[in-house]
Amino acid sequence: MLVLLRFILINILFISFTHTILDDDILYDIKWQPELTAPLDLANSATFTSKRKETYSCVLPTPQSKDTTLPTYILNSELESFFQNLYSQAAPTCAYRLDPYWTYELCHGTHVRQYHETKVSGKRTMHQEYILGYYRADSQEKLVNDQGEPVTRIWYKTFDNREIPMLSVRYTHGASCDINSNEPRETVVLYMCNENGQNGIVNFQEISSCYYELIFASPQLCQLPGFKIIEPNQYMINCYPHENASQKPRSLMKIEREQQLSMAKTGVAQFTMTSADGTTFIISYQYGSDDDFKAIDKVSSDTSATINPSEPGQKSNEAYATGFLKKIFSGEECLASGNGWWQYQICYGKHATQFHEGEGQRISILLGSWDRDKHIEWITANPDKKSSQNNRERYVSLYYTDGDICELTNQPRTVEVKFICSNKEGHSGAVTMYLVEPKTCSYVLGVESSLFCSLVDYTDEYGIPDISKMFKTDQEP
């Protein structure tokens, strides 16, 4: 049956249809009809036979022609109602996005701000703040069309796997940025249509040093021409059985039954895909539990990334895991990860850094360096941080100090590097890293993997791993 489906799709590309236009933006599905009730459109159909000698005639739909020309500008007069709704309030209309440490504030037509608040004696107190840009009319792009009318450019950006038209507004002259030659911070606010939701910030990221991008979704923008999101067209390929065939090919029905039984027993099913070069892939999938999704949410909210140390064709996973750990804990190799503009790295027994590489340069911030004596001083003052052998949570915490001076506290940065035992099913050997900042310029770098589950068994009285004991068995003849 899979061969039949592949044969159908391949032959579609070679059949000359009078009224059919094949387009990557058009989605097709196959529906197996019970019987043929009307004569086929011979100019737009083809007949196929399965390995079981079952014959089917399939009819392609006739996609409606569409104007693929996307608008690039909109008259400023058409934007007036949208901006009046945002700007013409007695007080600025503001929206907020809460991340684990920072809160981002967009006050339309006023400013973009990043801040962190702490509570002192039950009262809310501002702890630290950066202005990421102010709205200024003279900072906006000024364009006119051929008729001399003021217009605004429509930008197109891929978001959620779709190309979406957006309206760009610049917020400039923010707080000075010490890692960018004290240049002022700047934010580009992109407004996008959102028919099914309320006004809100849907994405925020630092594109480059102290240059930010904020995406704001608004149902009001959908009312303006050129900003409504057009969903891809989807059409049905109708296939009809001949006299010698059932409604649906028997091989396909067998595969579907096997998938249903597999799903009922184990929650896992699979299907195969064949690429253009003939390579066949077996794709397995399963339903996730609430705990699975909570774990994913935790990793995502902590700006984490995953490293998989397994290698294709590895004969012994245990031997490879041992070699991997030796390289990391001997300091021969470092672990680096991170999503977005900033990346982070831990070189065991040496240092932890936060960095960005691009355009031929590297910006690096030292979060902390390893000093055994200072770690012992820290662990003595914080005994709750000592390695835990609890079956539910096994970890090793190491304290790295004397990082780069923090401009907000005038103190060196510090980071607690936490190697955590993680036994998530299906993630054996994968290493997940995340970086959070619970206090100003004081970080926690989490490194999770099932490879670290025995690490706590080889720590000394100060919670420091004894590497010679870890690999003693391997070193003995």
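- For the residue pair Thr440 and Cys406, the shortest heavy atom distance occurs at CG2-SG, 4.1 Å.
- Side-chain atoms of Tyr104 never come within 3.5 Å of backbone atoms of Tyr115 as a donor-acceptor pair (strictly under, hydrogens ignored).
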Show your reasoning for whether side-chain contact (heavy atoms from CB on, under 4.5 Å) applies to Cys421 and Val456. CA-CA 9 Å; Cys421 167; Val456 67; over 6 Å; no
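- At a threshold of 4.5 Å between non-hydrogen side-chain atoms, the residues Val396 and Phe452 do not count as touching.
- A cation-pi arrangement is present between Lys418 and Tyr395 under the rule of less than 6.0 angstrom and at most 45 degrees off the ring axis.
- Counting all heavy atoms, side chain and backbone alike, Asp402 lies closest to Pro412 at CA-CB, 3.9 Å.
- In this structure the side chain of His351 reaches within 4.5 angstrom of the side chain of Ser369, judged on heavy atoms.
- Side-chain contact between Arg413 and Leu366 is absent, with no heavy-atom pair separated by less than 4.5 Å.
- In this structure the side chain of Glu377 never reaches within 4.5 angstrom of the side chain of Tyr399, judged on heavy atoms.
- Cation-pi check for Arg153 over Trp155 is met; the charged atom lies under 6.0 angstrom from the ring centroid and within 45 degrees of its normal.
- Between Val202 and Phe159 the shortest side-chain heavy-atom distance falls below 4.5 Å.
- Looking at every heavy atom in both residues, Pro71 comes nearest to Gly226 through CG-CA, 3.8 Å.
- When atom types are taken as modelled, the side chain of Gln140 and the backbone of Arg136 share a donor-acceptor pair closer than 3.5 angstrom.
- In this structure, the side chain of Arg113 does not engage the main chain of Tyr130 through any donor-acceptor pair within 3.5 Å.
- In this structure, the side chains of Val417 and Tyr348 stay at 4.5 Å or more apart for every pair of heavy atoms.
- For an aromatic pair to be called close, the ring centres must be under 6.0 Å apart, and Phe227 with Phe82 fails this.
- Proximity of a side-chain donor or acceptor of Thr353 to a complementary backbone N or O of Phe355 within less than 3.5 Å is not detected.
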So Leu221 and Phe216, side-chain contact (heavy atoms from CB on, under 4.5 Å) or not? Walk me through it. CA-CA 10 Å; Leu221 193 63; Phe216 184 87; over 6 Å; no
Quick one, Tyr458 with Phe329, criterion side-chain contact (heavy atoms from CB on, under 4.5 Å). Give me CA distance, side-chain angles, the key distance, then yes/no. CA-CA 12 Å; Tyr458 298 97; Phe329 288 101; over 6 Å; no
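- Taking 4.0 Å as the cut-off between side-chain N and carboxylate O, Lys350 and Glu333 do not count as a salt-bridged pair.
- Within the 3.5 Å criterion, the main-chain N or O of Ser468 finds a donor-acceptor partner in the side chain of Asp466.
- The minimum heavy-atom distance between Lys326 and Ser330, with the atom names listed, is O-OG, 2.7 Å.
- In this model, a donor atom of one side chain and an acceptor atom of the other lie less than 3.5 Å apart for Tyr96 and Glu105.
- One distance of note links CD of Glu129 with CD of Gln114; it measures 10.0 Å at 0.5 Å rounding.
- Residue Cys441 holds its SG atom at 13.0 Å from NZ of Lys439, rounded to the nearest 0.5 Å.
- Nearest heavy-atom pair, Tyr134 versus His111, reported as atom, atom and distance to 0.1 Å: CD2-CB, 3.9 Å.
- Note that the CD1 atom of Ile420 and the CZ atom of Arg394 stand 13.0 Å from one another [nearest 0.5 Å].
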Between Tyr135 and Thr110, is a side-chain contact (heavy atoms from CB on, under 4.5 Å) present by the stated rule, with each step listed? CA-CA 5 Å; Tyr135 175 80; Thr110 305; 5.9 Å; no
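- Rounded to the nearest 0.5 Å, atoms CD1 (Ile201) and CG (Leu214) are 4.5 Å apart.
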Throw together a table of side-chain donor-acceptor distances under 3.5 angstrom for residues 181-192, partners on residues two or more places apart or in other chains.
from: Arg185; atom 1: NE; to: Tyr212; atom 2: OH; distance (Å): 3.1
from: Arg185; atom 1: NH1; to: Ala175; atom 2: O; distance (Å): 3.4
from: Arg185; atom 1: NH1; to: Ser176; atom 2: O; distance (Å): 2.6
from: Glu186; atom 1: OE1; to: Arg170; atom 2: NH2; distance (Å): 3.3
from: Glu186; atom 1: OE2; to: Arg170; atom 2: NE; distance (Å): 2.8
from: Glu186; atom 1: OE2; to: Arg170; atom 2: NH2; distance (Å): 2.8
from: Thr187; atom 1: OG1; to: Leu132; atom 2: O; distance (Å): 3.0
from: Tyr191; atom 1: OH; to: His108; atom 2: ND1; distance (Å): 2.9

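- The neighbour count for Lys142 NZ, taken as heavy atoms of other residues, nucleotides or ligands under 6.0 Å away, is above 12.
- When Lys386, Lys385, Glu416 are each tested for a side-chain hydrogen bond (donor to acceptor under 3.5 Å, both in side chains) with Ser397, only one passes: Glu416.
- Residues Leu445 and Leu367 form no side-chain contact, since every pair of their non-hydrogen atoms from C-beta on lies 4.5 Å or further apart.
- Contact check for Pro438 versus Val444: side-chain heavy atoms found under the 4.5 Å cut-off.
- Atom CG of residue Asp371 and atom CD1 of residue Ile376 lie 9.0 Å apart, to the nearest 0.5 angstrom.
- Note that the CD atom of Gln354 and the CD atom of Glu437 stand 8.0 Å from one another [nearest 0.5 Å].
- Considering every non-hydrogen atom in both Ile179 and Ser209, the closest pair reads CD1-OG, 4.2 Å.
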